[in-house]
There are 2 protein chains.
Amino acid sequence: MCVTLGFRIRQWQAIAKCCHQAYNIGTMSSPKRTTIYDVAREAGVAASTVSRSFSDPRRVNATTREHVLEVAERLGYRPNPLATALQSGRTATIALLVPDITNPHFFGTIRGAERRASAAGVTFILGYTEESADNERNQIERLARSVDGFVLAASRMPDSTTTELAREHNLALVNREVEGLPSAVFDNGPGSWQIVEHLASLGHRSLVYLSGPHQSWLAGERWRALRSGAEQRGMTATRLGPFPPRVVGGGAAADAALVAKATAIVAHNDLLAIGVLRRLTERGVRVPQEISVVGYDDIFGADFCVPALTTLAGPHEEAGSAAVELLLEKASPSATRAAPRRVTLPSHLVIRDSTGPAPA
Amino acid sequence: MCVTLGFRIRQWQAIAKCCHQAYNIGTMSSPKRTTIYDVAREAGVAASTVSRSFSDPRRVNATTREHVLEVAERLGYRPNPLATALQSGRTATIALLVPDITNPHFFGTIRGAERRASAAGVTFILGYTEESADNERNQIERLARSVDGFVLAASRMPDSTTTELAREHNLALVNREVEGLPSAVFDNGPGSWQIVEHLASLGHRSLVYLSGPHQSWLAGERWRALRSGAEQRGMTATRLGPFPPRVVGGGAAADAALVAKATAIVAHNDLLAIGVLRRLTERGVRVPQEISVVGYDDIFGADFCVPALTTLAGPHEEAGSAAVELLLEKASPSATRAAPRRVTLPSHLVIRDSTGPAPA
DNA sequence: GTGAAAGCGCTAACAG
DNA sequence: CTGTTAGCGCTTTCAC
């Protein structure tokens with residue numbers, strides 16, 4: 001095969017010319033894609049009419065349009081999204097920026113976002129920021145012209161940077177709130193209170209929160225809710241950490257909780273909780289008899305680790321799709337200039353085997 | 001805020017004109033982005049020189065270039081990838097098409113592919129095909145103009161379709177081989193033989209393969225290898241299924257294996273294996289005392305399910321990055337016309353607690 | 001309702 | 001080494 005790339009046509013022709021040897025060029029696709037001009041010529045109309053037939057059907061006579069469409073079909077015409085984007089500024093593309101794909105937490109979000117985008121005929125770009133605010137910013141700058149907007153999942157950027165970027169870019173947030181920006185978040189307050197109530201009902205008088213990264217907005221929200229909930233129940237709440245929100249973080253986190261004489265541990269997320277479980281097992285501490293453990297997210301695996309993890313579950317897919325929805329709304333030409341919407345999604349506690357009565 | 005979208009400038013201006021009310025337009029970014037022409041004018045050179053300064057530095061006098069770059073920097077110039085792509089045909093973008101994001105199997109591949117693309121300054125589009133060959137094909141058609149090539153992970157398309165598409169598009173495969181196309185696969189033969197040997201050494205005289213989808217190339221490869229390996233060891237091998245390669249598929253799969261009086265089960269992937277484990281536990285069958293279970297992939301969770309899963313691990317990230325590499329190679333203007341490369345990655349058996357001596 | 005014409009921002013011959 | 005000149009394929013006024 002010579003070159004089947006379909007791009008760099010010019011070069012391809014050059015190569016084809018000097019190497020028409022054994023290559024069966026006959027089977028190659030025609031070097032030039034068909035454009036609106038080809039369709040226009042064949043249909044006996046102007047290019048603009050072809051364009052309109054696709055992009056704004058009602059501004060063209062039904063009969064003409066049908067004819068144009070038929071010709072386009074016959075010629076195998078496909079609009080070139082790049083040309084459309086360059087001219088119109090609309091790319092019909094959005095990007096989702098995620099801190100870390102290793103974390104199953106985001107799988108639901110990614111899936112939901114991709115689905116929603118796909119359903120809207122919008123192409124979906126995925127970027128990882130490696131937990132760094134700088135990377136996040138760079139990605140945004142780099143992709144700016146290529147997308148209509150960004151969904152930032154668990155963004156690590158400070159509010160000020162985000163606000164500043166929002167002046168030039170179309171942003172929507174997941175699991176993060178910033179004044180003036182659309183966002184989809186779980187109800188961290190009520191959700192965390194469910195955890196507190198569950199623990200309180202089991203007779204626990206205190207809880208230890210094993211915190212995630214300090215730049216994490218979520219960690220702050222969760223801690224605030226946990227503390228206020230505990231206060232209301234007359235329980236004491238302690239924050240330890242930060243710990244890396246991954247399984248490996250669980251070792252140090254568990255040890256710290258043990259030193260703090262915790263009877264109930266609330267981990268920043270399930271990954272950390274699973275790490276804690278593992279460390280506790282290693283050290284011969286029985287869960288939940290001696291200590292109870294709760295996580296956040298209900299990730300894949302939370303139901304089959306041992307003991308199965310009690311965790312606060314939330315509709316992650318919905319969060320992803322809602323954020324895309326908000327972005328699309330904002331980006332739509334008919335966008336209302338109303339205050340950006342904030343969507344709050346309900347979370348619920350899934351009680352499994354890692355929580356039990358407080359030790360006597 | 002009025003409109004911060006940075007796109008649809010024309011419309012934006014229109015809106016701005018008729019709604020210059022309370023909106024603090026002053027804080028908006030300038031409506032027109034700076035282009036090479038702005039830079040050219042300011043730097044006192046031609047636009048083409050600016051262009052060359054960025055895209056082909058050595059074809060420009062070092063001093064001029066430095067000056068141009070400095071001016072560009074000062075003006076906050078950012079190249080518009082869309083314009084570049086439209087003109088040159090190079091989009092500096094690739095797409096990865098994955099059957100199902102729910103399957104942790106692909107996380108490594110996605111991560112590896114994103115990383116490699118990112119490292120090459122190539123933007124990364126992710127698409128899901130929902131396990132359907134048609135969707136796969138549609139995605140390719142739709143994205144064709146927007147990307148330089150596609151990585152197809154565990155493609156569901158028949159060889160003929162793939163070959164046909166490869167005439168017009170730049171393709172690379174992961175976990176799939178098709179004549180004439182570059183691909184990155186694990187060494188399914190030697191890998192599966194490791195499984196057989198492990199089982200044989202534990203005294204098993206037979207094994208049951210719980211198969212994945214019939215269109216799955218992998219399922220065929222694994223079965224072939226398992227069968228030939230078993231034959232060499234004088235073991236009998238039976239193929240059951242197909243089963244959906246997910247946890248839920250494990251119920252029926254386990255029951256089928258039980259009916260077949262299996263002493264050793266090899267599941268198509270870890271997801272299925274975990275489902276099998278769960279069902280076996282439900283039915284009171286002890287693993288590995290009564291029956292041994294092996295999976296493929298070593299996904300997240302394989303180490304903390306109970307019993308921890310013996311599984312064939314492979315470098316999934318590498319597979320993803322290798323495929324991107326192959327694509328980039330093929331897409332590069334200096335691409336050799338040599339036969340497309342096939343990369344085979346080594347897999348290795350991770351022995352955990354789900355396999356043990358054959359029951360007497 | 002339709003056509004002509006002017007670009008979107010950039011690259012790539014081709015001269016000089 | 002650098003400038004001039006055409007476009008890439010499409011959308012969008014602006015006339016008719």
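Residue numbers start from 1 in every chain, and the chains themselves are labelled A, B, ... in the order their sequence lines are given, proteins ahead of strands. These values consider heavy atoms only, across backbone and side chains, with no hydrogens, waters or symmetry-generated copies.
Within residues 54-82 of chain A, the residues having any heavy atom under 4.0 Å from DNA chain C are, by residue number, A:Arg59, A:Val60, A:Asn61, A:Thr64.
Listed by chain and residue number, nothing satisfies the salt bridge (Lys or Arg N to Asp or Glu O under 4.0 Å) test with B:Asp134 (two or more places apart in sequence, or in another chain). Under the rule for a salt bridge (Lys or Arg N to Asp or Glu O under 4.0 Å), the partners of B:Arg74 that lie at least two apart in sequence or sit in another chain are B:Glu42, B:Glu70. Residues forming a side chain to side chain donor-acceptor pair (under 3.5 Å) with B:Ser321 (at least two apart in sequence, or on another chain): none. Applying the side chain to side chain donor-acceptor pair (under 3.5 Å) criterion to B:Arg137, with sequence neighbours excluded, gives B:Glu164. Partners of A:Arg115 under the side chain to side chain donor-acceptor pair (under 3.5 Å) rule, at least two apart in sequence or in another chain, are B:Glu130. A:Arg52 meets the salt bridge (Lys or Arg N to Asp or Glu O under 4.0 Å) test with no other residue; sequence neighbours excluded.
Over its full length, the helix from C:dG1-D:dC16 to C:dG16-D:dC1 turns its helical axis through 30°, comparing axes from the five pairs at each end and rounding to 10°.
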List every contact pair, protein side and nucleotides 3-6 of chain D side both N or O, where the distance is under 3.5 Å.
from	atom 1	to	atom 2	distance (Å)
D:dG3	OP2	B:Ala46	N	2.8
D:dG3	OP2	B:Thr49	OG1	2.6
D:dG3	N7	B:Ser48	OG	3.4
D:dG3	N7	B:Arg52	NH2	2.9
D:dG3	O6	B:Arg52	NH1	3.3
D:dT4	O4	B:Ser48	OG	3.3

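Counting only residues at least two apart or in different chains, ring pair (Phe, Tyr, Trp, His ring centres under 6.0 Å) contacts with residues 130-149 of chain B are absent. For the ring pair (Phe, Tyr, Trp, His ring centres under 6.0 Å) condition, the pairs that include at least one residue of residues 42-69 of chain A, sequence neighbours left out, are A:Phe54-A:Tyr77. Sorted by first and then second residue, the ring pair (Phe, Tyr, Trp, His ring centres under 6.0 Å) pairs with a member in residues 114-163 of chain A form an empty list; sequence neighbours excluded.
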